[in-house]
Amino acid sequence: MPRRLTGFTPSGDLHFGNYIGAIAPIVSAQAETDTVVFISDLHAMTLEHDPAEVRRRTLEFATLLLAAGADPDLCLFLVQSHVPQHTELHYLLECVTGFGEAQRMIQFREKSRRGGHVRVSLLTYPILMAADILLYDTDEVPVGEDQNQHLELARALAERFNARYGPTFTVPKAVTPPVAARVMDLASPGEKMSKSAASPAGALRLLDEPQVLRRKVMRAVTDAGTDVAYDPERKPGVSNLLTILAACTGDTPQRVAQNFDRYGELKEAVADAVIATLSPSGSAT
């Protein structure tokens, strides 16, 4: 049985994309997969933060994951800072990491380019991420395109450590989430839905009230024309709504599109599906 690890950093608010792309797959696979789920609160400290907010969100994230169906009897469920071995292994892995490797990580390059105060932890946190993965002899890590670089670093460090000190770590491999898991921002459909988006209008947050979810969907950006078709390049707004509806119903965006002639009808169906999926009875199934 492969061991699969997923972490959630408590910076921002969990949203529908997190649920479809990460939380729901954990719940559906935890009985058949050796699953590790953790709240990566130490990662939230790499950027400017309010300590009280990090603590609050850590508890909130844990509560939401449990409410969604993550079962501590079926998976290993933990908070990163409560397990000191994460930071202990972080140091050991730093000892086999080159400065150039760490400096090439995209988050550090982007933040450094903007100037201002940059924490050393932003340079080294991909190594802590590698420690998170390698500590549990992880076989598989679900990653999106923006996380591939971090997993490749973890693989390189595992192989280097094993070559220098003897067989120690399992070398993990990436598991790519399904395409339907890529949920875009409702207000800016060219950008991925984010926990820390500047505007809350584009993110369907897991703790939003049903009327708020409906209002956000009904105000979602659509595209020129009136035909309802799945075409991410030409119709990113409508395609995103179709992706969300398909994710809720277990169908494909292309087949879902055949049921609608007008944007308003599609938005109503998406709002209904999102509310049903995120309701207490819906998220537990």
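In this chain, residues are counted from 1 in sequence order.
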Apply side-chain contact (heavy atoms from CB on, under 4.5 Å) to residues Met218 and Glu268 and explain how you reach the verdict. CA-CA 7 Å; Met218 297 308 294; Glu268 287 285 0; 3.7 Å; yes
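- Distance check, rounded to the nearest 0.5 Å: CG of Leu153 to CD1 of Ile133 gives 9.0 Å.
- Contact check on Arg160 versus Glu101 returns a salt bridge, with a Lys/Arg side-chain nitrogen under 4.0 Å from an Asp/Glu carboxylate oxygen.
- Aromatic ring orientation, His86 versus Phe38: tilted (interplanar angle from 30° to 60°).
- Contact annotation: the side chain of Phe99 approaches that of Leu123 to within less than 4.5 Å [non-hydrogen atoms, C-beta and beyond].
- No chain of hydrophobic side-chain contacts below 4.5 Å, direct or via other Ile, Leu, Val, Met, Phe, Trp or Tyr residues, connects Val54 to Phe61.
- The shortest distance between side-chain heavy atoms of Ile20 and Ile244 does not fall below 4.5 Å.
- Considering every non-hydrogen atom in both Asp137 and Thr168, the closest pair reads OD1-O, 4.0 Å.
- By the 6.0 Å contact criterion, CZ on Arg119 is enclosed, its count of non-hydrogen atoms from other residues, nucleotides or ligands being greater than 12.
- Put simply, OG1 on Thr87 and CG on Leu128 are 7.5 Å apart, with the number rounded to the nearest 0.5 Å.
- Under a 4.0 Å N-O distance rule, the pair Asp208/Lys216 qualifies as a salt bridge.
- Counting heavy atoms from C-beta on, the side chains of Glu152 and Gln149 never come closer than 4.5 Å.
- Side-chain contact between Leu122 and Leu47 is present, with heavy atoms from C-beta onward closer than 4.5 Å.
- Residues Leu66 and Val37 share a single hydrophobic cluster, defined by chaining ILVMFWY side chains whose heavy atoms lie under 4.5 Å apart.
- Here the side chain of Thr33 pairs no donor or acceptor atom with the backbone of Gln30 at under 3.5 angstrom.
- No donor-acceptor pair under 3.5 Å is formed between the side chain of Asp251 and the backbone N or O of Ala246.
- Using modelled atom types, one finds no donor on one side chain facing an acceptor on the other under 3.5 Å when comparing Asp231 with Ser239.
- With hydrogens and angles ignored, the 3.5 Å screen pairs no side-chain donor or acceptor of Asp34 with any backbone N or O of Pro2.
- Here the NE2 atom belonging to His150 is positioned 4.0 Å from the OH atom belonging to Tyr125, to the nearest 0.5 angstrom.
- Note on Leu134 and Leu76: same hydrophobic cluster, where clusters join Ile, Leu, Val, Met, Phe, Trp and Tyr whose side-chain heavy atoms are under 4.5 Å apart, directly or indirectly.
- Asp227 contributes no side-chain N or O that, together with a main-chain N or O of Ala229, makes up a donor-acceptor pair within less than 3.5 Å.
- More than 12 heavy atoms of other residues, nucleotides or ligands shown are found within 6.0 angstrom of CZ on Arg56.
- One hydrophobic cluster, built from ILVMFWY side chains closer than 4.5 Å, holds both Tyr91 and Tyr165.
- Between the CD1 atom of Ile275 and the CZ atom of Arg214 there is a distance of 4.0 Å, given to the nearest 0.5 Å.
- For the side chain to side chain contact (heavy atoms under 4.5 Å, CB included) test, residues two or more places apart in sequence or in another chain that qualify with Ala174 are Val143, Asn148, Leu151.
- Between Leu186 and Leu204, some side-chain heavy-atom pair lies under the 4.5 Å cut-off.
- Using a 4.5 Å cut-off between side-chain heavy atoms of Ile, Leu, Val, Met, Phe, Trp and Tyr, with links allowed through other members, Leu93 and Leu42 fall into different hydrophobic clusters.
- Thr277 places a side-chain heavy atom less than 4.5 Å from the side chain of Tyr19.
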Apply the test side-chain contact (heavy atoms from CB on, under 4.5 Å) to residues Val36 and Phe77: give CA-CA distance (whole Å), side-chain angles for both, the deciding distance (0.1 Å), then the verdict. CA-CA 6 Å; Val36 180; Phe77 191 99; over 6 Å; no
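- With hydrogens and angles disregarded, a donor-acceptor distance shorter than 3.5 Å links the side chain of Thr252 to the backbone of Arg255.
- Comment: Arg57 does not engage Glu60 in a salt bridge, judged by the lack of any side-chain N to carboxylate O separation of less than 4.0 angstrom.
- With hydrogens and angles disregarded, a donor-acceptor distance shorter than 3.5 Å links the side chain of Lys195 to the backbone of Ser11.
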List the steps, then state whether side-chain contact (heavy atoms from CB on, under 4.5 Å) holds for Leu241 with Thr222. CA-CA 9 Å; Leu241 292 171; Thr222 49; 4.2 Å; yes
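- In this structure the side chain of Leu5 never reaches within 4.5 angstrom of the side chain of Thr35, judged on heavy atoms.
- In terms of modelled atom types and a separation under 3.5 Å, the side chain of Asp139 and the main chain of Pro172 share no donor-acceptor contact.
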Could you please spell out the steps behind the side-chain contact (heavy atoms from CB on, under 4.5 Å) verdict for Tyr230 and Thr243? CA-CA 8 Å; Tyr230 183 71; Thr243 294; 3.5 Å; yes
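- Considering all non-hydrogen atoms of both residues, Cys248 and Phe16 come closest at SG-CZ, 3.4 Å.
- Between Arg55 and Asp41, no side-chain nitrogen of the basic residue sits less than 4.0 Å from a carboxylate oxygen of the acidic one, so the salt-bridge criterion is not met.
- Met105 and Pro126 make their closest contact through CG-CG, 3.5 Å (heavy atoms, listed as atom of the first residue, atom of the second, distance).
- At distances below 3.5 Å, at least one donor-acceptor pair connects side-chain atoms of His15 with backbone N or O atoms of Gly17.
- At a threshold of 4.5 Å between non-hydrogen side-chain atoms, the residues Val79 and His82 count as touching.
- Defined by atom type and a distance below 3.5 Å, a donor-acceptor pair is present between the side-chain atoms of Gln80 and Asp132.
- A distance-only check finds no donor-acceptor pair linking the side chain of Tyr136 to the backbone of Arg4 [under 3.5 Å].
- For the pair Tyr263 and Val228, the tightest heavy-atom approach, listed with the atom from each and the gap, is CD2-CG2, 3.9 Å.
- The minimum heavy-atom distance linking Arg205 with Pro200 is given by the pair NH2-CB, 3.6 Å.
- Here the CE-NE2 distance, from Met129 to His43, works out to 5.0 Å after rounding to the nearest 0.5 Å.
- Atom CG of Asn259 is separated from atom CG of Leu266 by 10.0 Å, given to the nearest 0.5 angstrom.
- Taking all atoms of both residues into account, the shortest heavy-atom contact from Gly202 to Asp185 is CA-OD1, 3.2 Å.
- Checking side-chain atoms of Ser40 against main-chain N and O of Thr9 turns up a donor-acceptor pair under 3.5 Å.
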